[in-house]
Every structure is written in structure tokens, then in C-alpha cells.
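Okay, so here's the structure we're looking at.
Basis for what follows: all heavy atoms, side chains included, without hydrogens, waters or symmetry-related copies. Proteins come first, then strands; the chains are lettered A, B, ... in the order of their sequence lines, and each starts at number 1.
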Amino acid sequence: MERYNFKLIESKWQNLWEKNQSFKTKIDKNKKKFYCLEMFPYPSGKIHMGHVRNYTIGDVLSRFKILKGFNVLHPMGWDSFGMPAENAAKQNKQDPKIWTENNIQTMKKQLKQLGLSIDWDREISTCSEEYYKHQQKFFIDMYKKGLVYKKENYVNWDPVDETVLANEQVIDGKGWRSGATVERKKLSQWFFNISKFADELQNELDNLDQWPNKVKVMQKNWIGKSFGCEIDFQIKGNSKIEKITCFTTRPDTLFGFSFLALSVDHPLSNFFEDDPKFKEFKLECSKTGTTEESIANAEKVGFKTNLFAKNPLDESHTVPVYFANFVLMDYGFGAVFGCPAHDQRDFDFAKKYNLEIKTVVKPFDEKDTFKVESEAFSGSGVIINSEFLNGLKVPEESVVKTIEILEEKKLGKKKINFRLKDWGISRQRYWGCPIPVVYDNEGMPHTVPEDKLPVKLPSKINLNAKGNPLSSVDDWKNIEFDGKKFLRETDTLDTFVDSSWYFLRFCSPQNKDRPFEIEDINYWMPVDQYIGGVEHAILHLLYSRFFMRAIGYKDNKFNFKEPFKGLFTQGMVCHETYKDKNNNWRGPDEVISDDGKNYYLKSDKSNKIVVGPSESMSKSKKNTIDPEKIIELYGADSVRLFILSDSPPEKDVQWSEQGIMSSYKFIQKLFLLDQKIKTINKKTKKKSSIELSKFINQFLNKIEKNLSNFHYNVIIANIHEAYSHWIKLIKDEENYDNLIKEYSKFLISISPVLPHLTSECLDELNIKNLEWPKIDEKYLIEENVKIVVQFNGKKRGTLDAKKDIQEEDLIKNIVKSKDFDKYLKGNKIKRHVYIKNRLINFLI
RNA sequence: GCCCUCGUGGUGAAAUUGGUAGACACAAAGGACUUAAAAUCCUUGCCCUUUUGGGAGUGCCAGUUCGAGUCUGGCCGAGGGCACCA
């Protein structure tokens with residue numbers, strides 16, 4: 001028999017799918033739609049195993065839904081603006097546009113080799129004018145609706161690359177690319193007003209019942225809603241300063257008030273700028289490292305002012321006002337009321353500056369004389385030493401009650417605060433969407449008139465110029481509208497803006513005038529299943545949720561709220577790591593082992609390799625496997641099979657050479673099985689057995705259930721089991737036509753995983769127009785069951801019985817069988833428990 | 001420090017949701033076929049027993065139950081997220 005020639009057959013089917021436009025989708029209101037989307041890739045050069053896993057998972061689902069009769073939208077595009085293009089361009093002196101387009105061509109070819117069911121007619125690329133011109137329009141619309149603004153803000157500044165870095169691009173206080181220590185710098189930046197939607201973004205999470213809980217928790221923490229109140233503190237010591245407003249979640253500890261602390265960036269700092277000691281203090285504060293950890297561990301220090309704050313609940317009680325390094329300007333009001341007894345940070349500060357520590361909450365099981373000594377007490381309990389607040393339960397009564405009192409006395413009011421900050425979208429980068437703004441000669445910003453859109457990126461540019469490359473392109477920067485001179489905004493948009501609406505563009509990818517047609521959107525959206533890495537849990541997913549709301553703000557025509565109805569976060573692909581004797585990383589193709597234990601370098605047998613733990617594949621550790629080479633060697637179906645087989649898709653999977661080999665062998669076995677089945681002598685096989693129908697229907701049932709729950713690894717196990725069953729089956733006498741009929745159902749049901757092999761096998765049977773086989777429920781019911789027999793909860797054997805056997809009959813059979821004599825003999829059965837068709841437990 | 005998730009053979013993992021623990025696969029050991037190797041196939045997998053059998057067993061300790069990998073409480077360990085958020 002011939003071997004399965006995957007090279008021939010896979011390319012044959014890929015060409016056919018392309019020629020027949022098999023995955024082209026159109027709106028069809030008679031069919032239920034299913035929008036399956038995987039996170040689109042950044043075109044960095046070649047696809048990696050992470051892509052293979054991501055897109056295989058999505059493809060299996062898409063193909064399954066197509067078979068189930070859904071109208072499936074399964075598109076693909078390119079997140080093609082971003083820093084790597086610019087950096088590569090600098091190194092290779094190549095135009096970022098050309099570099100990007102070449103990569104797209106390469107990766108597109110590679111994706112096609114995987115046999116993905118993608119409607120390539122909908123392909124989009126965010127760096128094309130056709131895409132970003134709509135984005136500029138969104139920016140202008142949002143500007144007009146007051147959702148975009150410009151303000152001065154502190155940013156992460158890389159002094160070597162001369163650019164702003166996003167928080168995630170700062171690693172241990174250093175620029176991820178330059179390695180330079182990142183500075184805080186105040187810059188004028190554009191912002192999206194995402195915090196306006198903070199409450200809704202948090203509340204709507206509860207309705208996303210097809211999202212992993214983990215992601216929802218992360219977003220909730222990120223948005224960080226907290227309930228409290230704002231309080232005005234009257235100030236003494238400077239006649240120009242009347243009051244300071246603070247936000248607090250613990251107004252109930254107001255009688256424990258012992259200092260008030262301000263951020264050094266607080267507007268009131270202006271009154272102290274002339275004081276050289278304050279200036280020095282402020283400078284010191286700005287030097288503290290920028291990493292979160294170094295901030296958290298930094299010593300709490302303060303600068304004492306000549307100001308005093310009055311306790312609003314007791315005017316005779318005044319406390320000193322400090323500037324302190326731990327107070328953030330961009331949370332609350334940049335001012336904190338300090339209660340050392342019940343907040344550890346305040347406690348540390350009070351200890352250092354010898355401030356009063358007054359206990360105002362005691363635990364339930366303590367006396368009223370309870371005193372905070374060595375550390376702050378922040379647990380629940382009862383209010384003490386607080387006059388009219390005494391006796392209130394902390395926190396459930398005390399906070400609400402104190403706010404009521406403060407509101408009544410007009411000293412404060414209820415307030416909900418969010419941790420979520422507005423989204424800074426300015427980047428001093430060339431390879432991004434230009435911000436459609438110009439400045440007049442007074443420096444006032446204006447949005448670019450719509451008939452002058454798009455603002456195109458200039459093509460000839462010196463990327464090695466210092467700072468933002470766009471600011472040195474004079475003939476682009478200087479522009480005239482109707483005879484008036486303007487200067488262009490040279491910042492470009494954060495690339496997360498590009499990916500915040502690409503899923504909408506897929507619905508109307510070729511529309512020239514508008515980003516989308518509303519009918520298209522309302523038919524296809526929301527995305528029914530979104531699949532991608534958990535690393536986007538907060539940023540991309542939160543930004544997209546915001547963007548939907550921002551586009552629909554004041555003029556909502558969408559018939560849905562959330563862009564992604566279902567979310568699945570897949571795990572990473574890992575591989576062992578290797579280090580040679582000089583402590584250099586080595587790749588899997590550089591090392592070899594004869595016994596599976598001792599590894600050495602292929603090129604130098606004396607160089608022993610230390611095998612490290614399996615880690616997520618990364619170029620820096622050289623533990624990557626190139627999908628293209630693997631497809632070349634084993635074929636796409638083998639890769640698809642293996643990437644799904646070992647671990648559940650949400651967990652990390654370990655890549656192994658043995659694993660891919662065994663998947664390859666299994667594909668060969670399936671093909672051999674196929675040949676055997678088709679060459680069975682048609683005449684000698686007579687009977688149509690119920691067993692065959694049972695087997696196939698139960699198999700279909702398992703596959704369908706496991707497909708719906710993303711238990712793809714179990715599906716592979718099911719296929720293995722089914723294979724063994726077929727091998728036994730073909731030795732039996734079976735009516736040929738019936739055999740083929742049931743066998744074709746098997747092929748169809750595994751086609752989402754192995755589309756090339758099954759297409760070929762089905763084609764030989766002349767089966768076209770594939771449909772998911774209907775499961776015949778009557779074959780799911782077994783008329784014989786195996787019943788577990790237990791004595792005192794211990795399994796002592798099993799007994800075959802008719803389904804739904806009566807209890808008495810079962811017991812009779814057990815006694816009759818004699819297998820259990822040694823447990824029954826001489827023992828009295830006190831009672832027994834019978835679980836129908838499953839188990840019987842005798843208690844003796 | 002706070003929050004979330006997870007602990008099952010040498011390894012990756014299954015387990016109809018409280019009912020035969022370890023399906024399926026990788027690796028290992030032994031065997032069969034081979035002159036030999038590769039490939040393929042079969043067996044084994046912790047403890048006692050030659051076998052028949054029996055015992056222990058899902059991180060640890062308790063509890064609920066006829067019955068717990070699954071439920072409850074406490075502890076230990078691993079991974080991830082957030083981190084001066086007032």
C-alpha cells in the first residue's frame with residue numbers, strides 16, 4: 001500500500017479551497033452567524049508556534065461551526081504598525097513599509113500552509129492608509145465628543161532613544177530596547193478619556209459569562225473601583241490657602257487623624273517653590289526609581305510645611321501638613337489624610353516623624369482600652385475613642401454612617417474613585433497612525449479638516465535622526481490650509497488604538513468611505529468566540545471595550561454592548577532550554593543526545609549541554625521551533641494534531657520531537673486504515689450491526705461535547721480510541737455500504753482537526769457538501785450495563801446486567817454468580833445502597 | 001502585603017460533576033518478529049504474594065457521606081496578576 005503523501009495532498013486541498021473560495025463569507029440572514037476571531041498577529045517576520053496553536057484552536061472551532069450549519073466569519077489581518085518595523089528599518093536601512101509588507105507576504109504563505117479556513121478576501125492591515133484613515137476620523141469624532149484631550153503628564157522617558165515608553169516597555173526601571181534608566185518627564189500628551197466609562201466597564205464584566213473568570217478579575221482590579229468620600233480640610237498657617245480636599249475610604253477613622261500629606265506635584269506646591277529645601281526634597285522624590293517594586297519599598301519620607309489642617313469633626317484638633325513621597329498626584333486629589341493607627345503606611349510615616357498614633361478601632365474581642373502598638377490594625381471591629389461614632393461596626397456600618405454625618409454637616413460627600421487612568425495615546429514614533437491635528441501659530445490645536453484626510457505618513461524619512469523622526473521632516477510638518485500656516489502634530493497613535501476596532505473593520509473590510517456599514521456590524525458582531533493569549537487580558541481587551549463605547553457615545557447605533565461575547569485564552573508553547581559549557585543558550589537543532597539523558601553540541605561532541613527547564617519559546621533563549629520546517633517535515637495535519645494533543649488548550653503545552661513524530665505516525669496509520677476499509681471485499685460482508693452504529697454515534701457525541709467545551713486534547717484521545725476500534729471492526733463481518741456510511745461520519749467529525757487528510761479520504765468516497773452528522777439518540781443508550789459491586793465501599797468486582805435491572809434481580813444475580821461468595825458467606829448484610837445502572841454497595 | 005488559579009504515576013494528562021482513579025499519549029524496562037538493526041506489535045508500571053489474590057494510593061491533616069480526585073474547614077507548596085490606590 002502507498003504511504004500518505006502529505007505534501008501532495010495538503011497543497012492540493014489548499015489550492016482547491018482557494019480556487020473554490022470555500023471560506024468566503026457573505027451576510028445570510030437565513031443562517032445563524034458565528035464570528036470566530038483569533039488575535040491578529042504582528043508581522044514580525046515568520047510565524048511562531050504560538051501562532052500555530054492560536055490559529056489551530058480557532059480553525060477547529062470555525063470548521064466545526066461551518067459543519068454545524070452556521071454562517072461563519074473567520075477573518076485574518078495584520079497588526080502592522082509598531083516599533084519592531086522601525087527598529088529593523090534602522091538596522092537594515094530598509095523602509096519600514098517594505099519590511100512590513102514582505103513579512104506579511106511570508107507569514108500569509110505560512111498561515112495558508114496550515115490549512116486555515118480563513119476568508120482571505122477580508123484581509124486587512126492596520127498600517128495601510130485604507131485602514132488608518134478611518135482611525136483618524138474616529139479620533140476627530142471622539143475629539144468633538146470630548147473624549148480626547150491633551151494635557152501635561154508625567155511619562156516614562158527613555159533618554160537614549162528619546163521617546164516615551166509605555167509602562168509595559170519599562171523593565172526594571174530601564175528602557176526595554178536601549179537599556180537606559182528611564183526618567184520621569186513631564187510632556188504634553190494626548191489622552192482618551194477611558195476613565196469616563198470606568199464604572200460601566202467594571203459593571204458590564206458581570207454579564208460576560210463566557211469570559212474566563214481570571215481575566216474578569218484582572219480587569220476589575222485594574223479598574224479598581226473604591227467607595228469612600230471626599231473631605232475638605234480647613235487650613236491654618238497661610239491666609240491664601242483655605243482648604244485641602246482629600247479622598248478617603250476610611251472616613252470612619254477621622255478621629256485618629258494625625259497628619260495630612262500632599263503629593264509634591266500638588267498645585268499647592270507652588271507656594272513652596274521658593275524654598276530651596278522643598279526644591280531639594282522634590283528633586284529627591286523624582287529620583288526614586290520608576291519600577292513599582294522600588295516605589296513600594298522606598299522609605300516613606302516627608303517635608304513638613306508651616307500649614308496645619310483642622311479635623312472637620314473636631315475643630316479644636318489640628319494636625320501638621322506634609323509633602324510626602326508616597327502620595328500620588330493622579331489618584332484621588334493628590335492629598336491623603338493620615339490615620340497611623342489603622343493604616344500601615346501612615347503608621348510607618350508617623351513613627352518616623354513622631355506623630356500621634358490614636359487608636360479609634362478595636363477588634364471585637366478586645367477591651368475599649370485596646371491600643372495599637374507595633375503595627376497598624378486594619379481589620380474589622382468596633383469604633384472607639386470617637387465620640388458620636390463610638391460603637392459602630394467596622395467597616396459595614398461605620399463608613400456609610402460617617403459619610404452620612406459628613407454630608408449632613410456639609411463637610412464632605414460620598415465619592416467613588418477609580419484606579420483606572422486615562423489612556424495616554426501619544427508616541428514619539430514614526431511607524432504609527434499620524435494624529436490628525438495641526439497647531440496654529442499660537443500653538444492652539446485644531447483637528448485636520450475632513451476633506452484633508454487622511455494624514456499620510458511621509459515616505460522618505462531619516463529614522464536615525466534624534467527623537468521623533470517625524471519632527472525632522474520639515475516639508476511634511478509645515479502645512480497650509482486655505483492660506484493659513486499650521487504645524488502638524490508629530491506624535492503618532494499608540495498601536496493599541498489600531499487593534500481596538502479591527503474586529504469591526506473585518507465586517508466591512510472593503511468599504512472605502514466608512515470604517516464599516518452599520519448593518520454589517522449589527523449582523524456579525526459581537527465576536528462570538530475570541531481566542532488569544534492571556535497577556536492581553538487587560539490592555540487590548542479593555543481598550544477594545546472602551547472603543548466600542550466611545551464610537552457609540554451620544555449616537556449609538558449598535559445592537560450590542562460588548563465586542564467579545566466569548567473569550568478563550570490559550571496557553572503558551574514551551575520547550576526545554578539548553579546551555580553549553582560557556583553558558584550560552586543553544587537551540588534544539590544545535591544539540592543532540594544518544595541516550596536521552598546526556599546532551600552535547602552537534603558540532604562539538606566535547607561540549608556538554610546542560611538541559612534547563614521547559615519554558616515558553618523565545619528567541620532570546622533560543623528554544624524555538626520553526627513551524628515552517630516542521631510543516632515541511634511532517635505536514636500541517638501532523639502539526640495541528642500534535643499542538644492540540646498533549647495539554648488542554650488553556651494550559652501551556654510542551655513541544656517535543658517525540659510528540660510530533662508520533663502524531664505523524666498516527667496520521668500514516670489513519671491513512672492506512674482508510675485504504676484497508678476501502679479495499680474490503682464488498683461481497684463477503686453481510687450484516688449491518690447495531691454495534692457499529694452505537695460506536696459511531698457515541699463517538700460523535702463525545703467529539704461534539706468536547707469540541708464545545710474546548711477539550712481538544714480529549715478529542716485527540718477519542719480519535720486514538722476510535723482508531724483502535726476501527727482496526728478491530730474491519731475484521732468483523734459488516735455490510736460494506738453500512739460500514740462506509742458510518743465511516744464517512746467518522747471522517748467528517750474529525751475533519752476540523754485533520755482537514756487535509758479527511759478531505760482526501762472523503763473525496764475518494766465521493767462525498768461533497770459536508771455536514772455534521774446527526775446523532776441518533778437511540779444508539780447512545782446501552783441495553784447492557786456493567787455494575788460495580790462493592791462491599792463496605794470497596795470495589796470487589798463488576799457484574800454485567802440488563803439496563804434498568806430491578807434491585808432484587810440484581811442481588812439475585814450477584815448471589816447466583818458465586819464470584820462474591822467469599823464476601824457474602826458468613827456475613828450478614830446490614831443494608832445496601834443501589835445506584836441505578838452503576839453501582840451497588842453492600843454494608844456488612 | 002493584597003487578589004486569583006492550580007496541586008492526580010517517571011512525564012503531559014483523563015475521569016459522565018459525589019459512584020470502577022490513572023482513559024489517551026510520551027518516556028522507560030521486558031518480550032515477540034528479524035542474521036542484526038530500524039520499523040511494527042504485545043506485556044509491565046507503588047507495596048506484600050511464585051500465581052490466585054490482597055493492601056495502600058489523587059500535596060498534608062481533619063470533617064460530611066454507604067462512598068470524596070471531586071464537597072467543607074485548616075495547613076503546606078507552585079504558578080500568575082496587582083502593588084505607596086489613601
For F695(A) and Y779(A): C-alpha separation, side-chain torsions, deciding distance, then whether ring pair (Phe, Tyr, Trp, His ring centres under 6.0 Å) applies. CA-CA 8 Å; F695(A) 154 62; Y779(A) 292 116; over 10 Å; no
On a whole-Å scale, what distance lies between the [atom1] atoms belonging to [N] and [M]?
N	M	atom1	answer
G81(B)	C26(B)	P	33 Å
U64(B)	U72(B)	C1'	7 Å
A15(B)	G22(B)	P	13 Å
G31(B)	G80(B)	P	44 Å

Sugar-phosphate only, base, or nothing, as touched by [X] at under 4.0 Å among non-hydrogen atoms:
X	answer
V534(A)	nothing
N713(A)	sugar-phosphate
S645(A)	nothing
Q790(A)	base

Does S226(A) place a side-chain N or O at less than 4.0 Å from the phosphate oxygens OP1/OP2 of A86(B)? yes
N/O (side chain, R345(A)) to phosphate O (OP1/OP2, C2(B)) under 4.0 Å: no
Whole angstrom value for the distance that separates [atom2] of [N] from [atom1] of [X]:
X	N	atom1	atom2	result
L843(A)	G19(B)	CG	C1'	14 Å
I244(A)	A86(B)	CD1	C1'	15 Å
K421(A)	A83(B)	NZ	C1'	11 Å
K669(A)	U40(B)	NZ	P	8 Å
E650(A)	C4(B)	CD	P	20 Å

As a test of reading the structure: which of G12(B), U40(B), G19(B) is closest to the side chain of D646(A), going by heavy atoms? G12(B)
Assigned glycosidic conformation for G10(B) [threshold 90° from 0]: anti
So does K300(A) pair up with D348(A), basic N to acidic O under 4.0 Å? no
Does K220(A) pair with D206(A) as a salt bridge, N-O distance under 4.0 Å? yes
How about S398(A) and D252(A): does a side-chain donor come under 3.5 Å of a side-chain acceptor? yes
Record whether the side chain of K220(A) comes under 3.5 Å of the base of C3(B) through a donor-acceptor pair of N or O atoms. no
Is it the case that C66(B) (base atoms only) and N841(A) (side chain only) share a donor and an acceptor within less than 3.5 Å, ignoring hydrogens and angles? yes
Considering Watson-Crick and G-U wobble pairs with both distances under 3.5 Å, what does U5(B) pair with? A78(B)
Return whichever of G793(A) or A717(A) has its heavy-atom-nearest nucleotide of RNA chain B closer to the 5' end. A717(A)
Determine whether a donor-acceptor pair (N or O, by modelled atom type, separation under 3.5 Å) exists between the side chain of N697(A) and the backbone of I775(A). no
